[in-house]
Amino acid sequence: MAALSKSIPHNCYEIGHTWHPSCRVSFLQITGGALEESLKIYAPLYLIAAILRKRKLDYYLHKLLPEILQSASFLTANGALYMAFFCILRRGLLTIYMANLATETLFRMGVARGAITTLRNGEVLLFCITAAMYMFFFRCKDGLKGFTFSALRFIVGKEEIPTHSFSPEAAYAKVEQKREQHKEKPRRMNMIGLVRKFVDSICKHGPRHRCCKHYEDNCISYCIKGFIRMFSVGYLIQCCLRIPSAFRHLFTKPSRLLSLFYNKENFQLGAFLGSFVSIYKGTSCFLRWIRNLDDELHAIIAGFLAGISMMFYKSTTISMYLASKLVETMYFKGIEAGKVPYFPHADTIIYSISTAICFQAAVMEVQTLRPSYWKFLLRLTKGKFAVMNRKVLDVFGTGASKHFQDFIPRLDPRYTTVTPELPTEFS
């Protein structure tokens with residue numbers, strides 16, 4: 001608590017934008033770098049999303065660019081305005097420290113009450129619980145809407161939705177029609193066709209329960225095909241994410257292109273998605289056989305067991321994001337049901353508080369920040385976040401310079417209030 005009473009005489013140049021004494025120039029540099037990186041992030045993201053959603057030409061001509069610019073400007077403002085207000089407020093360090101203290105206080109309160117403990121594979125357990133609830137809402141009528149429903153339908157298939165727009169008789173008719181078409185017009189066998197034929201030959205005479213909606217396949221084939229399909233999707237997604245970094249070394253290190261296809265993370269994401277789908281489908285079919293009915297409650301058990309698939313691709317980011325989206329979904333369901341009140345601009349307030357906590361951690365105690373988010377901040381600011389003078393912040397007792405012990409900024413004495421410490425090579 002004694003740290004609260006301590007003060008530092010340094011100005012914003014000596015602490016924040018140590019690379020240039022001008023607040024205005026530093027702000028413009030941060031803004032330019034953040035805008036560049038934001039466009040690199042959102043341009044391919046929106047383009048891929050538009051292709052996957054099969055957008056029409058009108059979207060590409062009139063809506064794609066405005067949406068990219070809107071998201072890019074939002075992300076740019078995060079980095080640029082932080083530096084701007086750092087200079088405007090000057091002595092806003094106490095506010096930053098108080099946010100840190102508030103976070104620490106909440107954590108200590110949770111530990112004292114036994115609500116927060118460190119669990120091994122805690123992200124996997126959280127994902128299991130989240131997946132169980134998501135799949136339950138997915139199976140319920142009007143449980144999920146919009147993109148979330150479409151995404152889960154793509155992942156696990158429409159066969160797991162209890163209500164369909166077609167009858168079993170119509171489904172059987174479609175299957176027979178497809179078989180006739182295959183007989184009349186044999187198609188050329190590509191790799192996918194050969195794999196499908198191999199799987200069909202293995203599982204041709206397998207069982208299928210009368211409550212199962214996968215009319216074209218038996219239960220065994222249904223699970224195997226689900227694994228192969230989503231394993232391929234996960235593998236290709238990870239390959240696509242690695243394309244930019246691989247092509248940057250196309251001429252300097254051509255051998256790195258092989259890592260684009262033979263990388264452990266590619267197979268880990270594929271195994272994660274493939275096993276999630278196969279476990280979910282297999283458990284659902286098993287419960288239909290055991291209970292002789294198709295029940296929405298099966299999705300809770302199947303979803304929870306499917307969540308164990310995250311052992312192949314552990315990610316706290318994914319678990320936390322899906323859990324927060326689940327809370328948001330349940331909150332809006334509570335509003336629709338009249339059970340909970342509606343708070344205007346609650347998302348803006350929560351985002352502002354969360355951003356404040358993350359940014360104060362990035363300044364006062366980088367060691368507590370998620371490494372991936374720290375790298376993102378460095379990328380967004382072109383490395384400027386790493387050249388803040390954190391040694392003078394150690395007076396607050398948070399270990400601000402713990403990971404920056406060897407860094408001493410080269411400051412121009414004409415613009416400082418305290419005689420700057422010279423770097424080692426000049427001392």
Side-chain angles (χ1 to χ4, degrees), residues 1-27 29-30 78-112 116 352-378 380-427:
M1 293 300 292
L4 286 176
S5 61
K6 295 181 180 180
S7 180
I8 51 178
H10 306 75
N11 59 32
C12 57
Y13 166 53
E14 296 171 80
I15 300 174
H17 47 89
T18 60
W19 62 91
H20 199 285
S22 172
C23 297
R24 185 176 302 172
V25 173
S26 300
F27 169 74
Q29 290 176 344
I30 290 289
N78 277 260
L81 293 181
Y82 179 81
M83 182 53 64
F85 281 100
F86 188 91
C87 296
I88 293 171
L89 296 176
R90 302 281 179 171
R91 302 304 294 275
L93 294 173
L94 185 58
T95 303
I96 297 174
Y97 182 77
M98 286 303 297
N100 172 73
L101 182 61
T103 306
E104 181 181 350
T105 301
L106 289 174
F107 178 79
R108 290 179 180 275
M109 289 170 62
V111 173
I116 301 176
S352 300
I353 295 174
S354 301
T355 303
I357 293 173
C358 291
F359 273 61
Q360 64 84 24
V363 175
M364 301 297 292
E365 43 185 322
V366 177
Q367 61 273 15
T368 64
L369 201 62
R370 183 182 300 163
S372 60
Y373 188 72
W374 171 241
K375 291 179 181 179
F376 169 73
L377 289 179
L378 291 179
L380 189 66
T381 60
K382 296 292 184 181
K384 298 294 193 300
F385 232 138
V387 296
M388 298 182 73
N389 191 6
R390 291 177 169 82
K391 283 185 176 295
V392 301
L393 301 178
D394 285 337
V395 67
F396 292 109
T398 61
S401 66
K402 183 178 181 180
H403 292 173
F404 306 91
Q405 292 293 332
D406 299 328
F407 174 74
I408 300 176
R410 299 183 181 185
L411 300 173
D412 190 337
R414 295 176 298 172
Y415 302 97
T416 63
T417 57
V418 177
T419 303
E421 180 183 358
L422 291 177
T424 305
E425 61 268 26
F426 296 109
S427 58

Practice item. Quick one: closest heavy-atom pair of Trp374 and Phe404, and the distance? Key: CZ2-CZ, 3.7 Å
Practice item. Using side chain to side chain donor-acceptor pair (under 3.5 Å) as the criterion, list what pairs up with Lys382, not counting sequence neighbours. Key: Glu36, Glu37
Practice item. List in chain and number order the residues that pass side chain to side chain donor-acceptor pair (under 3.5 Å) with Arg414, two or more places apart in sequence or in another chain; answer none if no residue qualifies. Key: Asp412
Check your understanding: Residues two or more places apart in sequence or in another chain: which of them pass side chain to side chain contact (heavy atoms under 4.5 Å, CB included) with Ser401?
Key -> Arg390, Lys391, Asp394, Gln405
Check your understanding: Passes side chain to side chain contact (heavy atoms under 4.5 Å, CB included), Lys402 versus Val366? Steps please.
Key -> CA-CA 8 Å; Lys402 183 178 181 180; Val366 177; over 6 Å; no
Practice item. Would you check, one step at a time, whether the test side chain to side chain contact (heavy atoms under 4.5 Å, CB included) holds for Phe385 with Val363? Key: CA-CA 8 Å; Phe385 232 138; Val363 175; 3.7 Å; yes
Revision key, fill the gap. Residues Thr381 and Leu377: closest non-hydrogen pair is OG1-O, 2.8 Å
